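What you see is a predicted model, and the numbers here were worked out from it, not measured in a lab. Numbers restart at 1 for each chain; the letters A, B, ... are given by sequence-line order, proteins then strands.
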Number of protein chains: 2
Amino acid sequence: MPKQTFFNLPEEKKEKLIETAIDEFSKQSFKNASINKIAENAGVAKGSLYQYFEDKKDLYKHIFDIAGSKKQEYLIGWMHQLQHLDFIEIIRELYVKGIEFALENPKLAALANHFIKESDVKFKEEIMGVGIEKSNLFFEELIENAKKNGEVSKEIDTKVGAYIITNLNTSIMDYTLNKMEYEDILKHKEMLLDNVDKMLFIIRNGFKS
Amino acid sequence: MPKQTFFNLPEEKKEKLIETAIDEFSKQSFKNASINKIAENAGVAKGSLYQYFEDKKDLYKHIFDIAGSKKQEYLIGWMHQLQHLDFIEIIRELYVKGIEFALENPKLAALANHFIKESDVKFKEEIMGVGIEKSNLFFEELIENAKKNGEVSKEIDTKVGAYIITNLNTSIMDYTLNKMEYEDILKHKEMLLDNVDKMLFIIRNGFKS
DNA sequence: TGACAATGTGACCATGTGGTCATATAATAA
DNA sequence: TTATTATATGACCACATGGTCACATTGTCA
């Protein structure tokens with residue numbers, strides 16, 4: 001948690017700082033990101049940074065929380081209409097919303113992407129708390145429900161299914177972020193969505209002819 | 001390329017060095033790996049290291065090549081019997097061989113894993129050369145052939161299909177390496193193989209009931 | 001005005017980095 | 001033996017890191 005001093009700061013200064021930190025952490029992994037650069041680019045003395053945050057991890061955690069909130073905010077308006085969609089449609093929407101979020105908030109998406117690739121499991125747990133499991137659990141419930149509805153074959157292992165869906169989701173994200181630099185975004189989005197549909201066709205029907 | 005001096009070294013010294021470098025690069029990303037530690041742990045002066053290799057990247061490249069050769073070596077004896085297997089069986093074998101390789105050569109697998117997660121695309125190309133596309137191309141050809149045989153639905157997009165298969169492969173690897181620390185390997189292998197089959201069931205048939 | 005607290009600051013610290021180079025040592029050739 | 005070449009070495013370089021702290025500046029009450 002940031003210190004009280006940070007919250008007392010004028011809004012403008014807070015935002016500038018957060019913006020700068022997001023910028024750095026979206027370019028570098030936690031370890032390689034530089035407190036010095038954040039301080040410099042935010043136009044703040046390094047000493048001040050340590051008056052606002054306990055340490056580097058505290059700063060990162062706060063930035064990470066903000067990214068999480070932003071994404072949640074992004075999804076929340078859409079969550080309630082989820083009931084009218086079938087299994088594949090829900091997954092599609094999730095993938096699509098993810099892509100859209102990444103295109104609109106590339107830095108936040110890149111930040112999350114760096115975090116996912118982090119190999120230090122203890123560090124991950126420290127930052128995320130119990131939230132790690134949430135995404136997987138969501139998909140598991142989704143599959144369980146779809147099984148009851150008869151939309152999804154009962155022969156399928158729920159956990160493995162959720163694992164596949166999650167992994168393809170993160171790999172779409174990765175793909176999106178990497179391609180983003182090279183191509184014009186709009187054309188690119190079309191292509192991405194096209195690929196999502198092709199992917200979902202396979203997810204739904206499998207490779208079998 | 002290592003300098004001639006390196007190749008002139010007595011076998012034992014070369015191996016000790018390579019072993020040590022593999023150890024370091026399996027624990028850390030390229031950037032975070034430490035030349036100092038490699039020199040120290042190998043019992044060699046840092047100056048000597050720079051008499052053998054141009055720079056850090058040169059060392060890494062060489063280690064990476066070795067890892068590649070080892071894996072190729074591992075697969076080569078098995079590749080020829082590939083013709084007798086059907087589409088899903090080939091993929092299964094590939095996943096299984098990958099898991100086995102990772103369990104038998106955890107450091108090399110971890111090294112490769114770190115490389116895959118590397119975000120600097122230019123760096124990746126520099127290290128891998130044109131080889132990046134190879135894996136994807138292999139799967140694409142596999143799918144194309146299976147389409148001709150009628151094993152795989154013609155409605156499926158080959159590139160997207162290859163992408164899915166590749167990504168699940170790397171995510172299995174990731175999963176394997178992460179779980180490895182916690183559990184007894186043999187039990188763990190059983191579980192992994194079980195999960196591979198469950199995964200392939202979905203790959204083959206899709207989620208649809 | 002003066003007193004006290006809250007903020008801001010950057011020189012400084014210990015540690016680590018990849019890389020260099022003058023010099024010492026060993027091996028080889030004449 | 002001497003002269004020449006190949007190899008080994010670690011002090012040293014410039015730079016960067018996260019974090020600290022004594023001190024300066026500002027804001028807020030009385």
Enquirer: Looking at D/dG19, does its base get a donor-acceptor pair with the side chain of A/K56 below 3.5 Å?
Expert: no
Enquirer: Are any of B/Y52's side-chain N or O atoms less than 4.0 Å away from OP1 or OP2 of D/dT7?
Expert: no
Enquirer: Measure from the side-chain N and O atoms of B/K61 to the backbone N and O of B/P2, and report whether any donor-acceptor pair falls under 3.5 Å.
Expert: no
Enquirer: How is A/F6 classified with respect to the nucleic acid when contacts are heavy atoms under 4.0 Å: base, sugar-phosphate, or nothing?
Expert: nothing
Enquirer: Parallel under 30°, tilted from 30 to 60°, perpendicular over 60°: which one fits the rings of B/F53 and B/F6?
Expert: tilted
Enquirer: For the pair made of CD in A/Q51 and P in D/dA24, what is the distance, rounded to whole Å?
Expert: 16 Å
Enquirer: Scan B/K13 against the nucleic acid and name what it touches under 4.0 Å (heavy atoms): base, sugar-phosphate only, or nothing.
Expert: sugar-phosphate
Enquirer: Taking the six-membered ring for Trp, are A/F139 and A/Y163 closer than 6.0 Å centroid to centroid?
Expert: no
Enquirer: Which whole-number value in Å describes the distance from B/F53 CZ to D/dA8 C1'?
Expert: 15 Å
Enquirer: What is the separation between atom CG on A/L9 and atom P on D/dT26, rounded to the nearest whole Å?
Expert: 16 Å
Enquirer: Run A/N167 and B/N167 through side chain to side chain donor-acceptor pair (under 3.5 Å) and show every step you take.
Expert: CA-CA 8 Å; A/N167 258 286; B/N167 258 287; over 6 Å; no
Enquirer: Where along residues 29-40 of chain B does a heavy atom fall under 4.0 Å from DNA chain C?
Expert: B/A33, B/S34, B/I35, B/N36
Enquirer: Regarding A/S48, tell me which of base, sugar-phosphate or nothing describes its non-hydrogen contacts under 4.0 Å with the strands shown.
Expert: base
Enquirer: Looking only at atom types and distance, does a side-chain atom of B/E140 sit under 3.5 Å from a main-chain N or O of B/K159, one as donor and one as acceptor?
Expert: no
Enquirer: State whether a side-chain donor-acceptor pair under 3.5 Å links A/E144 with A/T158.
Expert: yes
Enquirer: Check the distance between D/dT17's P and A/Y50's OH and give it to me in whole angstrom.
Expert: 11 Å
Enquirer: Would you kindly give the CG-to-C1' distance between A/D58 and D/dG19, to the nearest whole Å?
Expert: 14 Å
Enquirer: Roughly how many Å is it from NZ in B/K3 to C1' in D/dA8, rounded to a whole number?
Expert: 13 Å
Enquirer: To the nearest Å, how far apart are B/K57 NZ and C/dT17 C1'?
Expert: 16 Å
Enquirer: For the pair made of CG in A/L49 and P in C/dG10, what is the distance, rounded to whole Å?
Expert: 12 Å
Enquirer: Do side-chain atoms of A/T166 reach the backbone of A/A162 as a donor and acceptor pair under 3.5 angstrom?
Expert: yes
Enquirer: Side chain of B/K46: nearest nucleotide among D/dA8, C/dG18, D/dT9?
Expert: C/dG18
